[in-house]
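So the structure is just underneath, and the comments pick up after that.
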Amino acid sequence: MNNYQLPHYRRILPRCFLAVAALLMPVALHAGALIHFAGPPGGPELDFVKKLCDEWAQKTGNTVQLISRPSDTTQALNQFQQYWSARSGDVDIYQVDVIWQGICAPHAVDLKKYYKDDEISQYFPRIIENNTVKGKLVSIPLFVDAGILYYRTDLLQKYGYSAPPKTWEELAEMAKKIMDGERKDGKSDFYGFVFQGKSSETVTCDAIEWVYSYGGGTIIEPDRKVSINNPNAIKALEEAKSWVGTIAPSGVVTYDEEPSRNVWQAGNSAFMRNWPYAYALGQDPKSPISGKFDVTILPKGPGADGKNAACLGGWQLMVSAYSKNADAAADLVKFLSSAESQKRRAIELSMLPTRPALFTDSEILAKNGWFKNMTEVLQNAVARPSTVTGADYNQISTSFFQNVNQVLSGTVSAPDAVKNVEKVGKRLMR
Ligand code: GLC
């Protein structure tokens, strides 16, 4: 039987159905935007963010595709700069480092148009100021980082220490005593201290803490003075060099965050310098050091110039100026950086919120009691010279991290290293 033999209504109805479907199809296809998000590089943070993106997608009818990026900050910047120089719309949202704001600014949507003033004032003003370049709100703070000292409470007790070290000298002494003792007990892989020594942004963070804590400044000061060539900075770098191959493994010159955490979390180090994320991972019930460690502020340098230092880090969300779906992307940025999402991030991943109000949240404090000390640490945290150098920040940091890494590896002396960095700094500040 062909269509001509069907009764009239049976011929017309399917056609009507097809016509209506054809009309609706484009609507259905365009109801939701596809948002490409270059978020975290991997690990539990990526799983967490995927979960949040799924929730947002479900709520809004949009779709989110996560784009992978290297875990090394400097390499991630290289990848992102390729997208930006091609003015590519392939990524709508970037998770960007606190130090890149001057670099990102020309490629970012001004997020002010999506936020009311009283929404912006819920974030730390210092970070909002950092993320505002020539009046443009380049990105919204997602989480903040500060370098902290992790220490093994069980081992401090075993070796007769009642408190964590107050100065770097004390740290080196305690680390040595514990390391020697543990090795005598047969733990031949045990070290005193692990940190990040890799020739990358990672050692810029550690080394600015050493230098600043010795009273040696911040490489380039906010008033554009290039300060790195000074005796305190040299002493700080020499002290750090003395740890390599003694209390720290020689390989520390290739470590960024995760390799140092791996040594620490396997139970093979008395102390570690790292960011807050390593807390939740170390306290996981499956972790060998769960319940055996605590965190505190990093040690001071010696004498009257010595002060505590924590490098200010953290990540932000930026909407690409080349995005074809900026409104939907901004909505996802809002959702990911909302108080509720940040609270979950703080509880599940021990990452510090960018909203001061959350530091007194009882559920967050019940899980991470140490957060109550972190507002003070953050207030005094040392910023890398990214505001004063703006779009040129990566040049000064590259010179600094390469030279510091060479000091740690023993191929350049500390006095030569600071001279080399000074030269680059002075050229940039000219
Ligand atoms: C952390 C910090 C970031 C820093 C990076 C270096 O991710 O949040 O600011 O640049 O470590 O490895």
Side-chain angles (χ1 to χ4, degrees), residues 38-46 48-49 69-81 94-104 124 126-127 130-131 138-150 194-210 212 218-219 252-262 264 272-281 295 298 309-318 337 342 345-346 349-354 374 377-378 381-387 389 393-398 400-402 404-405 408:
E45 191 194 351
L46 182 62
F48 171 80
V49 165
R69 61 114 166 140
S71 61
D72 180 290
T73 300
T74 306
Q75 288 168 17
L77 178 61
N78 291 341
Q79 178 185 315
F80 290 1
Q81 282 182 309
Y94 294 90
Q95 187 163 318
V96 292
D97 203 325
V98 69
I99 51 183
W100 298 346
Q101 303 306 302
I103 304 171
C104 301
F124 279 118
R126 183 178 175 190
I127 314 180
N130 177 78
N131 298 2
V138 173
S139 59
I140 287 292
L142 179 64
F143 67 92
V144 59
D145 260 338
I148 47 178
L149 182 70
Y150 288 76
V194 285
F195 55 93
Q196 295 78 43
K198 182 181 175 186
S199 182
S200 183
E201 187 61 34
T202 195
V203 78
T204 291
C205 301
D206 289 47
I208 206 163
E209 286 163 352
W210 308 329
Y212 186 81
T218 58
I219 314 169
V252 79
V253 297
T254 64
Y255 286 8
D256 55 16
E257 288 79 1
E258 280 296 85
S260 45
R261 186 182 66 81
N262 290 338
W264 159 258
M272 169 175 75
R273 181 271 175 212
N274 213 324
W275 307 106
Y277 83 99
Y279 188 90
L281 297 168
V295 290
L298 286 163
C311 175
L312 182 69
W315 291 77
Q316 337 295 316
L317 295 173
M318 155 191 151
S337 61
Q342 289 203 22
R345 179 183 281 272
L349 302 173
S350 68
M351 287 175 152
L352 303 179
T354 56
M374 290 308 290
V377 172
L378 288 174
V382 191
R384 287 160 276 175
S386 55
T387 301
T389 52
Y393 171 73
N394 202 39
Q395 291 186 49
I396 190 66
S397 184
T398 301
F400 186 61
F401 68 61
Q402 287 175 345
V404 170
N405 177 265
L408 297 177

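As a basis for the values below, the full set of heavy atoms in this structure was taken, side chains included, without hydrogen atoms, waters or symmetry mates. Counting convention: from 1, in listed order, for ligands and their atoms alike.
In terms of heavy atoms, Y393 sits closest to P385 at CD1-O, 3.7 Å. For the pair D145 and L378, the tightest heavy-atom approach, listed with the atom from each and the gap, is O-CD2, 4.2 Å. In terms of heavy atoms, Q79 sits closest to P70 at OE1-CD, 2.9 Å.
Closest to atom 12 (O) of ligand 1 among all protein heavy atoms lies E257 OE2, 2.6 Å. The protein atom (non-hydrogen) at minimum distance from atom 11 (O) of ligand 1 is W275 NE1, 3.1 Å. The shortest contact between atom 8 (O) of ligand 1 and any protein heavy atom is with D145 OD2, 2.5 Å. Closest to atom 7 (O) of ligand 1 among all protein heavy atoms lies W315 NE1, 2.9 Å.
Note on ring orientation: taking the six-membered ring where Trp is involved, the planes of F80 and W100 are perpendicular (angle over 60°, cut-offs 30° and 60°).
With P276 as reference, L352 is the one residue of L352, L349, V295 to meet the side-chain contact (heavy atoms from CB on, under 4.5 Å) rule.
Near E201, the atoms of ligand 1 lying under 4.0 angstrom from a non-hydrogen atom of the residue are 10 (O). Close contacts between ligand 1 and G313 involve ligand atoms 8 (O), 9 (O) [criterion: under 4.0 Å to a heavy atom].
Residue contacts with ligand 1: T73 is included, with a non-hydrogen atom under 4.0 Å away. In this structure, Q196 has no heavy atom closer than 4.0 Å to ligand 1.
Close N/O approach between G314 and ligand 1 is found [any backbone or side-chain N/O within under 3.5 Å].
Between the side chains of E201 and S397, a donor-acceptor pair is found at a separation under 3.5 Å. Q395 and T389 are not linked by any side-chain donor-acceptor pair at a separation below 3.5 angstrom, with hydrogens and angles left out of the test.
Comparing V144, D72, T202, D97 against atom 10 (O) of ligand 1, the shortest heavy-atom distance belongs to D97.
Cation-pi geometry between R345 and W315 is not met: the NZ or CZ atom fails to fall both under 6.0 Å from the ring centre and inside 45° of the normal.
For Q95, no heavy-atom contact with ligand 1 is shorter than 4.0 Å.
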